[in-house]
2 protein chains.
Amino acid sequence: MLTVNELALESDTPAHVVRYYLRIGLIQPAAQQENGYRLFTSNDAARLRFIRMAKHLGFTLNEIKQITQHAELGESPCDDVRKIVQHRIHENRAKIEEMMKLQERMEQALEQWDLMPDGIPDGNSVCHLIESVEGSEGHCHTET
Amino acid sequence: MLTVNELALESDTPAHVVRYYLRIGLIQPAAQQENGYRLFTSNDAARLRFIRMAKHLGFTLNEIKQITQHAELGESPCDDVRKIVQHRIHENRAKIEEMMKLQERMEQALEQWDLMPDGIPDGNSVCHLIESVEGSEGHCHTET
DNA sequence: TACAACCTGTGTGTTACACACAGGTCAAGG
DNA sequence: CCTTGACCTGTGTGTAACACACAGGTTGTA
């Protein structure tokens, strides 16, 4: 039987993360000591390693919970797994594109600001640098 | 004097977001009606538009709060503003790279799974698709 | 037996909202 | 004057995935 710390070492997971997973019911202790300490088997370590793999593939903890619950009922989670990854690929692509746009905005701003002095705020302006950025006026809300 | 809803329309911000900003003290009502309704001036609308610009440039609400507080004291926030954007550019670049790696992992997995049938879970395996992914064993933790 | 190092479970804080809820306000209609 | 309905109000709570702090328990050494 392993303690939380030993389980953490065994599964290459920070102990406080193991405790978090316990809290949300993603894993359960196999037994409990009289003093309240939680105890685990090597099977729990394997489960935890599975969780890490799934996270590495972009699954959320909720999805992982669903998957392991399915598996415990003997149902194959594979179909859901494929769908989730397909969905996440789209989602992630959109997020990446958004972040690259942000990156461009920030880089352009910094370059533009190189030629501008610092300013002292007055009633009309909070920070003229930010306010000077292209697209400050006339946002194009053509999407959605 | 504008109500929350009017301020929201004036500044092109969802009303529930305006209420959130009020809650965290990012903006303050200029006055209050007897019934508790909060009232604002057109200056508040300008402030809110500034907040949207800053968010568009990647500033967090906390950072924006600092900036506006600096500005209210008559101190120039420009120096901090430049530093924050520089920092965020690095941060964002790292995040984008990480997400692109995830993207590649997911795409590779999906391709690999095309040749694999669904499986029924047993005691040893939760989902053989996830467990089959390259790099499941022998993680290379060479960084930090 | 005293002490220090470490480990335990758990409460709270984080970011930027989204949703829900009970009640208040306003214009139209009877 | 009263009601009905639509809309608006402030506020409590939930979200994802931890990170940190805290008071107390355990273990090894002297």
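By convention in this document, chain letters (A, B, ...) are assigned in the order of the sequence lines, proteins followed by strands, and residues within each chain are numbered from 1. The basis for the numbers below is simple: all heavy atoms, side chains too, and nothing from hydrogens, waters or symmetry mates.
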- Please figure out whether B/P14 or B/N62 has its closest DNA chain C nucleotide nearer the 5' end. B/N62
Validation: residues 98-108 of chain A side-chain donor-acceptor distances under 3.5 Å, sequence neighbours left out:
residue : atom : partner : partner atom : Å
A/Q103  : OE1  : B/N92   : ND2          : 2.8
A/Q103  : NE2  : B/I89   : O            : 3.1
A/R105  : NE   : B/H56   : O            : 2.9
A/R105  : NE   : B/H56   : NE2          : 3.4
A/R105  : NH2  : B/H56   : O            : 3.1

- Query: chain B on DNA chain C: first and last contacting nucleotide, 5' to 3', under 4.0 Å to a heavy atom?
  - Reply: C/dT15 to C/dT25
Using the test side-chain contact (heavy atoms from CB on, under 4.5 Å), find all partners of [X] that sit at least two apart in sequence or belong to another chain.
X	result
B/N124	B/D122
B/Y20	B/I24, B/L61
B/Q86	A/L110

For [X], side chain to side chain donor-acceptor pair (under 3.5 Å) partners two or more places apart:
X	result
A/E111	none
A/E91	A/H87, A/R88
A/T13	A/S11
B/D79	B/K83

- Message: Below 4.0 angstrom, which residues in residues 27-46 of chain B have at least one non-hydrogen atom near DNA chain C?
- Response: B/N35, B/Y37
- Message: For DNA chain C, which residues of residues 86-107 of chain A approach it to below 4.0 angstrom with any heavy atom?
- Response: none
- Roughly how many Å is it from CD1 in A/I51 to C1' in D/dA17, rounded to a whole number? 13 Å
- Which pairs count as salt bridge (charged side-chain N to carboxylate O under 4.0 Å, His left out) when at least one residue sits in residues 19-31 of chain A, sequence neighbours excluded? none
